[in-house]
Amino acid sequence: MKVFLLLVSVLARVHVTTGESAAHRCFCQVTGTLDDCACDVETIDKFNNKDIFPKLQKLLSSDYFRFYKVNLNNPCPFWSDHSQCGLTYCAVKSCTPGEVPEGIKSSSNKYSEEPSQDVEGCDMTEKLGAVNGTLNDETRQALSEWKKHDDESDRFCMLDDEDSPQSQYVDLMLNPERFTGYKGPEAWRIWNSIYEENCFKPYSVKRPLNPLVSNSGDIDGQGFHRWLEGLCVEKRAFFRLISGLHASINVHLSARFLLEENWFEMQWGHNVSEFQARFDEELTKGEGPKRLRNLYFLYLIELRALAKVLPYFERSAFHLYTGQSEQDAENKNMLLELLQVAKTFPLHFDETTLFAGNMKEALKLKEDFKRTFKNISRIMDCVECFKCRLWGKLQTQGLGTALKILFSERQIEAMPNTRKSTPSFQLSRQEIVSLFNAFGRISTSIRELENFRSLLSDLKQ
Ligand SMILES: *[C@@H]1O[C@H](CO)[C@@H](O)[C@H](O)[C@H]1NC(C)=O
Ligand SMILES: *[C@@H]1O[C@H](CO)[C@@H](O)[C@H](O)[C@H]1NC(C)=O
Ligand SMILES: *[C@@H]1O[C@H](CO)[C@@H](O)[C@H](O)[C@H]1NC(C)=O
């Protein structure tokens with residue numbers, strides 16, 4: 001525990017010392033002792049939007065990074081009624097009263113009205129949530145070649161996924177993360193079980209099932225965050241990472257909302273009221289800004305992992321193999337450049353003592369985190385919407401990989417730069433693809449916040 005505590009306390013120090021200047025900005029104005037202003041928003045925004053985001057987008061569009069192997073066909077291991085309460089609000093219709101969780105029945109009638117949506121609505125949701133698994137023969141063949149070059153080793157999660165014969169490659173560029181219509185009780189249940197049962201929660205507190213109705217039940221919006229105060233600092237950090245992930249996904253859904261559909265095309269774009277419903281301070285009873293700060297916290301952790309992992313990618317033996325040697329070398333340069341930039345970030349915390357202390361405790365914590373991540377990735381198998389499942393799994397694995405890196409600092413530093421010896425620290429292709437794509441999501445979210453800020457200030461005028 002002590003070791004990770006160091007990480008967190010160092011992080012906290014960075015935040016405290018840089019918090020003041022950001023205090024006036026809309027996302028860091030919340031007072032309170034729980035989480036000190038988590039970021040110098042301005043510095044992170046500028047750094048990300050100018051230096052990181054454009055480079056990263058370019059890298060992610062390359063062949064190496066756009067194909068992700070994932071098993072989307074695992075059955076949900078935790079509850080069995082999901083096929084009845086299937087997709088979004090449509091499904092509420094087919095649920096018998098006994099199947100509807102208590103919190104929904106009592107909290108509001110908003111959702112019982114929505115089933116007036118007809119079958120078309122369901123078809124629509126299914127269509128939006130579908131994964132386009134199209135790959136041409138050439139790509140398919142190339143991918144099986146790449147596989148021979150993949151590293152294997154100590155993976156942080158989703159072992160079963162990569163090896164399962166049911167796994168398939170998905171072209172991420174064909175399947176952008178955006179609004180899918182997946183919401184309502186089914187989606188809340190997923191997030192609730194992640195928070196409730198997988199975030200080291202100290203004691204049982206009922207979280208309102210519907211996070212948008214923050215005063216449903218007997219707990220107000222503040223209450224949920226209050227239980228966090230009972231957590232020790234490193235587990236609180238774990239919670240904040242998950243919350244940051246959740247926030248990021250919601251930023252995306254608000255930024256790529258289905259605004260209009262007609263015969264010819266679908267129009268995707270920013271939906272400010274959706275964004276406000278999730279993040280506005282008043283509408284969320286103070287939760288929204290905390291969610292956004294957790295997003296910045298997640299950004300810092302993943303950025304740190306990227307800076308730390310540089311020696312691994314610098315080795316001459318490492319290739320971003322796709323068989324096109326010129327392009328591969330160019331991509332590797334692009335990748336290294338990006339990691340160098342990540343390293344120059346001024347607010348990195350000094351973690352020279354990180355995980356260097358008690359090895360036994362660090363190992364135990366690593367195991368705990370590993371197990372929890374694996375579990376969260378299995379919960380993703382309960383997500384009915386396939387596209388949400390895809391991105392949920394990818395981002396969980398990406399975050400898991402980032403933590404694996406932070407937990408392996410010593411091995412990475414001791415990395416031999418020779419062809420012969422096999423390094424004790426390794427990343428599989430899947431881990432690499434998920435790490436960078438997951439960071440790409442967070443980076444995009446930070447970029448989108450700027451868009452929402454300007455849309456919101458336009459509204460005020
Ligand atoms: C999947 O993507 C391909 C390539 O863009 C496209 O031709 C095809 O129509 C898409 N399939 C579906 C079901 O959207
Ligand atoms: C995994 O998640 C499920 C569903 O939320 C939960 O019931 C179970 O206790 C979790 N297991 C572990 C080891 O965290
Ligand atoms: C934006 O989202 C809200 C729900 O938050 C929805 O009621 C509204 O119709 C959406 N606006 C557009 C233009 O789609």
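Side-chain atoms are counted along with the backbone in the values below, which use heavy atoms only and exclude waters and symmetry mates. For ligands, and for the atoms within them, numbers begin at 1 and follow the listed sequence.
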Expected contact list for ligand 1 at under 4.0 angstrom, heavy-atom basis, is Asn132, Thr134, Leu174

Does the cation-pi check pass for Arg240 over Tyr296, that is, NZ or CZ under 6.0 Å from the six-membered ring centre and within 45° of its axis? no

Determine the interplanar angle of the His246 and Trp191 rings, folded into 0 to 90°, and report it as parallel if under 30°, tilted if 30 to 60°, perpendicular if over 60°. parallel

Near Glu274, which atoms of ligand 3 are under 4.0 Å from a heavy atom of that residue? 2 (O), 4 (C), 5 (O)

Does any non-hydrogen side-chain atom of Phe78 lie less than 4.5 Å from one of Arg378? yes

Does some non-hydrogen atom of Ala277 fall short of 4.0 Å from ligand 3? no

Verify the distance criterion only: is there a donor paired with an acceptor across the side chains of Asn48 and Tyr299 at less than 3.5 Å? yes

Judging by distance only, is a nitrogen or oxygen of Arg371 under 3.5 angstrom from one on ligand 2? no

What are the two closest non-hydrogen atoms of Leu59 and Ser62, and how far apart are they? O-OG, 2.7 Å

Is there a side-chain contact between Leu172 and Leu390, using heavy atoms and a 4.5 Å cut-off? yes

Under the rule for side-chain hydrogen bond (donor to acceptor under 3.5 Å, both in side chains), what residues qualify as partners of Arg256, not counting sequence neighbours? none

Less than 4.5 Å apart, any side-chain heavy atom of Phe53 and any of Gln57? yes

With heavy atoms of Ile379 as the reference, note each atom of ligand 2 found under 4.0 Å away. 2 (O), 5 (O)

